[in-house]
Amino acid sequence: HHGMVYHCPHRLSYFLIPIRCEDETIGTLMVGPILLGKREDQKTHDNLAKTLGVDHEVFSDRIREIKVFSHHGIRIVLEFLEELVHHLVREAYHRQELEKLVPGFLAMHQLGDKFFSATHSNLLVNYLLDIASEVVGADSGSVLLIDETKKTFSIKSARGLHREVIKTKYIPLTSSITGWVVAKRKPVLIGLSGTKEEVPHERLKRPKIKVSMVVPLEVGPKVLGVFCLNSKSANRRFNRNNLALLDQLGKLAGVALAKSSVN
């Protein structure tokens with residue numbers, strides 16, 4: 001019923017999350033290997049490699065490739081993954097049940113994949129926005145996905161924004177900071193000293209917002225969209241560490257959105 005954590009002799013951590021459907025465990029999601037807390041210094045790695053009887057240079061190279069998460073950071077990622085997997089399982093289960101009750105229903109109504117992928121992507125972007133807002137204590141936020149045919153963004157989810165903004169169905173790709181983030185393919189923190197210089201000033205159009213984070217949603221070579229978080233006051237949680245954490249969430253969400261073929 002509960003997730004487990006396993007620490008191997010190499011000081012790496014693996015998290016096991018049960019996948020449940022209708023009160024039955026149908027599988028396990030394994031997340032890892034990760035480094036929990038902090039990366040050890042070179043001397044510790046060399047001593048550990050010696051103890052384990054492995055080549056210390058190879059060991060150091062491999063360890064460098066492993067991502068480091070704080071306890072808080074991995075909890076956020078695990079919660080997101082758990083929610084995401086359960087959405088996918090529930091979707092598949094409901095689909096199966098619907099087909100059992102009314103054979104040919106999905107094909108007959110031409111709902112099929114499109115209906116389920118749209119439902120799934122809406123749940124996913126709402127959950128992404130909820131958990132990301134919670135991490136940094138954002139006053140407002142939005143998830144914008146790229147509509148390739150129109151070369152615009154469409155607002156998929158929004159929290160705390162003015163109605164006029166939400167009513168705007170399409171936003172040009174070249175507009176505001178979001179298009180700049182898509183072009184650069186990197187998350188950006190706006191409002192802290194030393195960060196404005198890299199962002200073109202003409203893109204910063206909302207003076208009431210004190211700090212913002214804009215994170216790309218990408219999978220492989222493709223950017224699917226961005227999510228934006230804003231705070232009206234100085235907020236310590238809008239920092240580089242949380243920006244890196246939300247970038248990881250953005251990559252996970254990008255994979256999930258690509259699977260649901262929203263574009």
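Side chains included, hydrogens not; waters and symmetry mates left out as well; all remaining heavy atoms used. Here, residue 1 is the first one in the sequence, and each next residue gets the next number. Just so it is clear, the structure is predicted and the values come from calculations on it, not from any experiment.
- Side chains of Gln42 and Asp46 form a contact here, defined as non-hydrogen atoms less than 4.5 Å apart.
- The two residues Pro9 and Leu48 have their closest heavy-atom pair at O-CD1, 3.7 Å.
- Of all the heavy atoms in Thr25 and Pro18, the pair that sits closest is CG2-CB, 4.0 Å.
- With Val214 as the partner, the side chain to side chain contact (heavy atoms under 4.5 Å, CB included) test is satisfied by one option alone out of Ile190, Val182, Leu229: Ile190.
- Scanning all heavy atoms of the two residues, the minimum distance from Phe15 to Ile74 falls at CE1-CG1, 3.8 Å.
- Scored by the salt bridge (Lys or Arg N to Asp or Glu O under 4.0 Å) test, Asp61 finds Arg64 as partners (sequence neighbours excluded).
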Given the rule in the side-chain contact (heavy atoms from CB on, under 4.5 Å) test, do Leu129 and Lys156 qualify, once you have shown the distances and angles that lead to the verdict?
CA-CA 10 Å; Leu129 197 50; Lys156 270 300 197 190; over 6 Å; no
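- In this view, Asp139 and Ser231, Lys232 satisfy the side chain to side chain contact (heavy atoms under 4.5 Å, CB included) rule, not counting sequence neighbours.
- Atoms OG and CZ, on Ser212 and Phe238 in that order, are 6.5 Å from each other to the nearest 0.5 Å.
- The side-chain heavy atoms of Tyr14 and Val31, taken from C-beta on, include no pair separated by under 4.5 Å.
- Considering Ser142, Ser140, Ser133 as possible partners of Asn230, the one that fulfils the side chain to side chain contact (heavy atoms under 4.5 Å, CB included) test is Ser140.
- Looking at Leu29 and Leu16, their side chains never come closer than 4.5 Å, going by heavy atoms from C-beta outward.
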As a quick check of understanding, evaluate side-chain contact (heavy atoms from CB on, under 4.5 Å) for Cys228 and Thr178, giving each step before the final call.
CA-CA 8 Å; Cys228 315; Thr178 45; 3.6 Å; yes
Could you please spell out the steps behind the side-chain hydrogen bond (donor to acceptor under 3.5 Å, both in side chains) verdict for Asp41 and Thr44?
CA-CA 6 Å; Asp41 59 29; Thr44 308; 2.6 Å; yes
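- In this structure, Ile19 is not a member of the same hydrophobic cluster as Tyr93, with clusters built from ILVMFWY side-chain heavy atoms closer than 4.5 Å.
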Show, in sequence, the C-alpha distance, side-chain angles and deciding distance for Arg62 and His10, and conclude whether the side-chain contact (heavy atoms from CB on, under 4.5 Å) test is met.
CA-CA 11 Å; Arg62 299 274 163 85; His10 302 84; over 6 Å; no
Take Leu12 and His7 through the side-chain contact (heavy atoms from CB on, under 4.5 Å) test and state the conclusion after the steps.
CA-CA 6 Å; Leu12 299 171; His7 305 288; over 6 Å; no
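- Asn242 CG to Met213 CE: the interatomic distance, rounded to the nearest 0.5 Å, is 5.5 Å.
- Tracing side-chain contacts under 4.5 Å through hydrophobic residues (I, L, V, M, F, W, Y), one reaches Val255 starting from Val89; they form part of the same cluster.
- Arg185 CZ: more than 12 foreign heavy atoms inside a 6.0 Å radius.
- Within the 3.5 Å criterion, the main-chain N or O of Leu243 finds no donor-acceptor partner in the side chain of Asp247.
- The structure places CZ of Arg237 at 10.0 Å from CG of Asn239, a figure rounded to the nearest 0.5 Å.
- The shortest side-chain heavy-atom distance between His56 and Lys50 does not fall under the 4.5 Å cut-off.
- Listed for the Arg11 side chain is no donor-acceptor partner under 3.5 Å among the backbone atoms of Leu35.
- A salt bridge links Glu79 and Arg75; the closest N-O separation between the charged side-chain nitrogens and carboxylate oxygens is under 4.0 Å.
- The backbone N or O of Ile63 lies less than 3.5 Å from a partner atom in the side chain of Arg39, making a donor-acceptor pair.
- Atom CG of Asn47 sits about 6.5 Å away from atom NZ of Lys43, to the nearest 0.5 Å.
- Within a 6.0 Å sphere centred on CD of Glu57, other residues, nucleotides and ligands contribute 12 heavy atoms or fewer.
- The 12-atom threshold is not exceeded at CD of Glu134, counting heavy atoms of other residues, nucleotides or ligands nearer than 6.0 Å.
- Residue Phe69 holds its CZ atom at 11.5 Å from CD1 of Ile76, rounded to the nearest 0.5 Å.
- Between Ile34 and Val68, the closest side-chain pair of non-hydrogen atoms is not below 4.5 Å.
- For the residue pair Ser60 and His45, the shortest heavy atom distance occurs at OG-CB, 4.1 Å.
- Annotation for Val181 and Pro216: closest pair CG1-CD, 3.9 Å, computed over non-hydrogen atoms.
- For the atom pair Glu83 CD and Leu124 CG, the distance stands at 10.0 Å (nearest 0.5 Å).
- Closest non-hydrogen pair, Leu128 versus Ala253, comes out as CD2-CB, 4.0 Å.
- Using a distance-only test at 3.5 Å, with no hydrogens or angles considered, a donor-acceptor pair links the side chain of Asn235 to the main chain of Val136.
- Side-chain atoms of Ile17 and Thr28, non-hydrogen and from C-beta on, never get closer than 4.5 Å to each other.
- Checked options Val188, Val215, Ile146, Leu144; the residue passing with Val226 is Leu144 (criterion: side chain to side chain contact (heavy atoms under 4.5 Å, CB included)).
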